[in-house]
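Taking it in order: structure first as structure tokens, then the write-up.
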Amino acid sequence: MKKIAFAALSALMLFATVSCSKKASDTFTLGLDASFPPMGFTEADGTIAGYDIDLAKEVCRRLGLKFTAKPINWESKEMELSSGSIDCIWNGFTITEERKAAMSFTEAYLNNDQVLVVKADSDINSLADAAGKNIGCQSGSSAEEAINDNPDFASSIKITYYEENLTALTDLEVGGVDAVVMDSVVANYTISTSNKPLRVVDEALAKEGYGIGFRKDEAGAKLRDDVWNTLVEMSKDGTVAEISTKWFGTDVSVIGK
């Protein structure tokens with residue numbers, strides 16, 4: 001009787017394993033900070049939209065995968081990926097040497113700068129002008145890394161950390177900080193669509209590229225290659241340019257260029 005019960009239990013466990021594997025293979029879960037327009041953000045009706053979201057949905061359609069967007073705490077992104085909670089980090093995710101050591105990256109699909117955003121009437125017109133000022137940035141972001149990679153700049157300022165860039169910009173508007181270091185892609189989009197009395201300082205703190213991060217194992221590498229090859233196909237047939245123009249007014253993609 002015990003042997004029969006054990007056999008039944010083993011069969012049940014095998015069925016569960018196969019079912020879970022099948023679900024995992026059919027589902028593509030994208031992890032993102034859902035307050036990062038225009039890459040990925042939550043709209044008023046609660047849906048998640050954005051440039052990266054449109055790209056990912058089309059990639060999934062072509063690969064026959066079910067697309068799911070999962071908002072995550074940006075500071076815990078590496079843990080979410082390594083635990084299997086998400087299949088990739090695709091959300092204006094800057095490629096850095098430190099991140100490349102921890103995960104498997106695609107090539108860059110979009111270029112970006114880390115910049116200072118200030119009030120329209122601010123007297124800050126260069127990085128040097130920010131000396132002695134209170135500067136905001138998102139915790140765990142490439143903006144924070146850009147600050148730390150520029151020790152002279154970092155040592156000259158006071159830093160206030162935020163969970164989200166949009167919260168930092170709101171605090172900037174009311175005078176909580178003197179400037180915010182953030183992605184130029186997000187800054188320019190937010191300023192142009194919201195008519196906020198803000199501007200981007202011309203001098204950039206760092207230049208970088210956005211990539212898609214996957215787990216650093218065989219399955220992660222295969223998924224990375226499948227996604228990237230599909231993006232290259234989409235670039236060749238004009239789909240990427242179409243999506244780019246929808247969000248930016250022009251084709252800003254660097255895929256295959």
Side-chain angles (χ1 to χ4, degrees), residues 30-33 35-41 49-59 74 77 88-118 126-127 137-138 140-150 153 165-166 168-169 179-193 198-214 224-225 227-257:
L30 178 154
L32 78 159
D33 165 11
S35 60
F36 202 68
M39 311 310 290
F41 61 99
Y51 177 67
D52 287 343
I53 302 303
D54 283 354
L55 288 178
K57 283 182 176 178
E58 179 59 17
V59 165
W74 199 243
K77 55 190 175 295
C88 72
I89 303 170
W90 188 346
N91 184 218
F93 192 36
T94 300
I95 302 170
T96 67
E97 291 305 314
E98 183 179 358
R99 289 173 176 172
K100 283 169 69 175
M103 62 191 77
S104 185
F105 266 97
T106 64
E107 296 178 39
Y109 64 92
L110 196 69
N111 289 330
N112 178 64
D113 294 332
Q114 288 299 328
V115 296
L116 277 174
V117 179
V118 297
S126 67
L127 297 179
C137 81
Q138 182 184 31
S141 67
S142 53
E144 182 179 2
E145 290 186 37
I147 293 172
N148 293 333
D149 287 343
N150 288 269
F153 178 74
N165 281 299
L166 297 185
L169 290 179
V180 174
V181 176
M182 62 186 296
D183 300 59
S184 62
V185 169
V186 180
N188 288 319
Y189 179 85
T190 302
I191 293 170
S192 65
T193 57
L198 305 173
R199 62 180 172 84
V200 173
V201 172
D202 288 338
E203 184 182 2
L205 185 61
K207 294 186 176 296
E208 56 192 29
Y210 286 159
I212 310 163
F214 296 83
R224 174 203 63 198
D225 291 345
V227 168
W228 183 253
N229 290 336
T230 304
L231 284 171
V232 171
E233 290 175 5
M234 288 165 55
S235 179
K236 289 178 179 177
D237 66 28
T239 304
V240 171
E242 202 174 291
I243 294 172
S244 181
T245 301
K246 169 187 172 181
W247 289 101
F248 299 103
T250 186
D251 182 12
V252 297
S253 167
V254 296
I255 299 172
K257 298 177 183 177

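Computed from a prediction, not measured in an experiment: that's the story for all the values here. Heavy atoms only: backbone and side chains are in, while hydrogens, waters and symmetry mates are out.
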Is [Y] close to [X] at the side-chain level, that is, under 4.5 Å between some pair of heavy atoms?
| X | Y | result |
| --- | --- | --- |
| L205 | V181 | yes |
| T190 | P37 | yes |
| F36 | Y189 | no |
| E107 | W228 | yes |
| L55 | W90 | yes |
| L32 | I53 | yes |
| I191 | V117 | yes |
| V227 | C88 | no |

What is the distance from atom [atom1] of [X] to atom [atom2] of [Y], rounded to the nearest 0.5 Å?
| X | Y | atom1 | atom2 | answer |
| --- | --- | --- | --- | --- |
| M234 | N229 | CE | CG | 12.5 Å |
| S244 | Y109 | OG | OH | 11.0 Å |
| F214 | I89 | CZ | CD1 | 10.0 Å |
| Q138 | W74 | CD | CH2 | 7.5 Å |
| S35 | N165 | OG | CG | 7.0 Å |
| L116 | R199 | CG | CZ | 10.0 Å |

Return the minimal non-hydrogen interatomic distance between [X] and [Y], and the atom names on each side.
| X | Y | value |
| --- | --- | --- |
| S126 | E203 | CB-OE1, 3.4 Å |
| F248 | P38 | CE2-CG, 3.6 Å |
| A179 | V118 | CB-CG1, 3.6 Å |
| V254 | A108 | CG2-O, 3.5 Å |
| W247 | A49 | CH2-CB, 4.4 Å |

For the backbone of G140 and the side chain of K77, can you confirm whether one donor and one acceptor N or O come within less than 3.5 Å of each other?
yes
Residue from T106, N91, D183 passing side chain to side chain donor-acceptor pair (under 3.5 Å) with Y210:
D183
Can you list the steps and then say if F105 with I212 is a side chain to side chain contact (heavy atoms under 4.5 Å, CB included)?
CA-CA 6 Å; F105 266 97; I212 310 163; 5.9 Å; no
Name of the residue among N111, D113, N112 meeting side-chain contact (heavy atoms from CB on, under 4.5 Å) with K207:
D113
Ionic contact status for K257 with D251, cut-off 4.0 Å:
yes
Before you tell me yes or no, could you show the steps for Q114 and E208 under side chain to side chain donor-acceptor pair (under 3.5 Å), namely the whole-Å CA-CA distance, both residues' side-chain angles and the distance that decides it to 0.1 Å?
CA-CA 8 Å; Q114 288 299 328; E208 56 192 29; 2.8 Å; yes
Contacts of S192 that satisfy side chain to side chain donor-acceptor pair (under 3.5 Å) - sequence neighbours left out
none
What pairs of residues pass the salt bridge (Lys or Arg N to Asp or Glu O under 4.0 Å) test when at least one of them lies in residues 227-243, not counting sequence neighbours?
R62-D237
Per-pair distances, 0.1 Å, donor-acceptor, side chain in residues 95-103, under 3.5 Å, sequence neighbours excluded:
from	atom 1	to	atom 2	distance (Å)
T96	OG1	R99	N	3.1
R99	NH1	T94	O	2.9

Please assess V180 against C137 for the test side chain to side chain contact (heavy atoms under 4.5 Å, CB included), listing each intermediate value before the final yes or no.
CA-CA 6 Å; V180 174; C137 81; 5.6 Å; no
Would D33 and F41 count as a side chain to side chain contact (heavy atoms under 4.5 Å, CB included) if you check the C-alpha gap in whole Å, the side-chain angles of each, and the deciding distance to 0.1 Å?
CA-CA 7 Å; D33 165 11; F41 61 99; over 6 Å; no
